[in-house]
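What follows is one structure encoded as structure tokens, with my remarks underneath.
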Amino acid sequence: MPELPEVETIRRDLSKFILNQTIEDIAVHDKRVIRRSSVPLFIKRSKGQKIIDVQRRGKAIVMVLDRQGFLVVQPMMTGQLIYQKNGTLEAPKAAKVIFTLSNGGRLIYNDQRLFGRVYFTADLREIDYFRTIGPEPLEKGFNVPWLQKAIIKKRGPIKPLLMDQHFVAGIGNIYASEILFRSRIHPQRSAYTLRKEELQALHKATRMILKEAISSRGTSMRNYLDGQGEKGQFKNRILVYARENEICVDCKGVIKRFVQAGRSTFYCEGCQK
DNA sequence: ATTCTGTCCTGTAGGC
DNA sequence: TGCCTACAGGACAGAA
């Protein structure tokens, strides 16, 4: 589900509500979302600790605990992390883990498809995802010279590469299509053939789209809800994703869909070369 | 080494 | 109404 803009929105929301709260209780309603340890060990390591920071890396939320370690949430396709101020309300049906906090509120992890993961780790470097993930696209390490160097040996198509978390962090299926549309680059272009001007356009479009999507609090196509349980508004500004057979806003051409690396790709056949 | 396919799951939308 | 198929914001292991 959530890509960088959605996870960043959740991170900012949670920072307002759960910072400096102690985890007083943890109820696990489905043990399948707890990875890397048994449920009792997960509870033993996390319970009683205070959340002193809420960070994001790629599409993962990292809650820093005061005494030791980190509580990591990767929502994957359908995970939601929602803060409820009133802990007496009934939990939703999809609730898999419920954290009761010292301020009386609750942090609820919902996950319809159960692809997501919630776990404790003493050290983020123990986790392959964090050890091997690429640069953050909104930070300085993501720039045109880096892109020029990074694509040299990449003969595969640019769209799956943009979604490869080892290449660059946080971009998923929606934003990959939107970024390439704004860059005027065809999703099947072999990455290493992109010229400098095209990489400049790609770099600029990546940063602009992600920033605009964060400003709109993310994209709610189906499941996504922010840290307060509200929808994001970027769906209104999506130009190609899930718009097969619609007319391009720029060239009046037709938006096409095809399957690439097992995922739907959308692009305008008129503008993207 | 790089790239692609199948898999883990549940729910919903659309065609007939 | 129901039954069937396709598809869904991700990340891996294993295969090509």
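Throughout, protein chains are lettered first and strands after them, A, B, ... in sequence-line order, and every chain is numbered starting at 1. None of these values were measured; they are calculated from a predicted model.
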Should C:dG14 form a Watson-Crick or G-U wobble pair with both distances under 3.5 Å, which nucleotide is its partner? B:dC4
B:dA13 pairs with, by Watson-Crick or G-U criteria that keep both distances under 3.5 Å: C:dT5
Mind checking whether A:Tyr267 and A:Phe258 have ring centres under 6.0 Å apart?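 Under 6.0 Å, so yes.
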A:Phe42 ring center near A:Phe120 ring center (under 6.0 Å): no
Give a yes/no on whether any side-chain N or O of [X] is located under 4.0 angstrom from OP1 or OP2 of [N].
{"X": "A:Ser264", "N": "C:dA8", "answer": "yes"}
{"X": "A:Arg35", "N": "C:dG10", "answer": "no"}
{"X": "A:Arg257", "N": "C:dC7", "answer": "yes"}
{"X": "A:Lys59", "N": "C:dA11", "answer": "yes"}
{"X": "A:Gln165", "N": "C:dA11", "answer": "yes"}

Interatomic distance, [X] [atom1] vs [N] [atom2] [rounded to whole Å]:
{"X": "A:Ile127", "N": "C:dA11", "atom1": "CD1", "atom2": "C1'", "answer": "14 Å"}
{"X": "A:Asp30", "N": "B:dG11", "atom1": "CG", "atom2": "P", "answer": "11 Å"}
{"X": "A:His166", "N": "C:dA13", "atom1": "NE2", "atom2": "C1'", "answer": "11 Å"}
{"X": "A:Lys96", "N": "B:dC8", "atom1": "NZ", "atom2": "P", "answer": "18 Å"}
{"X": "A:Phe167", "N": "B:dA1", "atom1": "CZ", "atom2": "C1'", "answer": "16 Å"}
{"X": "A:Phe266", "N": "C:dC7", "atom1": "CZ", "atom2": "P", "answer": "10 Å"}
{"X": "A:Asn223", "N": "C:dG10", "atom1": "CG", "atom2": "C1'", "answer": "13 Å"}
{"X": "A:Gln80", "N": "B:dG11", "atom1": "CD", "atom2": "P", "answer": "13 Å"}

Nearest to the side chain of [X], heavy atoms from C-beta on, is which of [options]?
{"X": "A:Gln74", "options": "C:dG9, C:dA11, B:dT10", "value": "C:dA11"}
{"X": "A:Arg222", "options": "C:dA8, C:dA11, B:dT10", "value": "C:dA8"}
{"X": "A:Arg155", "options": "C:dA11, B:dT3, C:dG9", "value": "B:dT3"}
{"X": "A:Met163", "options": "C:dG10, B:dC9, C:dG9", "value": "C:dG10"}

Side-chain H-bond candidate by donor/acceptor type, A:Lys159 with A:Asn173, under 3.5 Å: yes
Need to verify one output field. Residue with the more 5' nearest nucleotide on DNA chain B, A:Leu161 or A:Leu114?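 Nearest nucleotide further toward 5': that of A:Leu161.
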Given the options A:Leu225, A:Asn223, A:Asp226, A:Lys231 meets side chain to side chain contact (heavy atoms under 4.5 Å, CB included) only with A:Leu225
Under 4.0 Å, heavy atoms only, any strand: does A:Arg263 hit a base, just the sugar-phosphate, or nothing? base
Can you check the distance between B:dA13 and C:dG9, where both ends of the measurement are the P atom (answer in whole Å)?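 The same atom, P, in both gives a distance of 15 Å.
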Rounded distance in Å between the P positions of C:dC4 and B:dC9: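 To the nearest whole Å, 23 Å.
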Between A:Phe115 and B:dC9, do the rings stack, that is, sit under 5.5 Å apart with planes less than 30° off each other? no
Can A:Tyr129 be said to stack with the base of C:dA11, given centres closer than 5.5 angstrom and planes under 30 degrees apart? no
Under 4.5 Å between side-chain heavy atoms, hopping through other hydrophobics if needed: is there a path connecting A:Leu180 to A:Leu4? yes
Syn or anti for B:dG11, taking syn as within 90° of 0?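 Nucleotide B:dG11 adopts anti.
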Measure the acute angle between the ring planes of A:Phe234 and A:Tyr175, then classify it against the limits of 30° and 60° as parallel, tilted or perpendicular.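 Judged by the thresholds at 30° and 60°, the geometry between A:Phe234 and A:Tyr175 is tilted.
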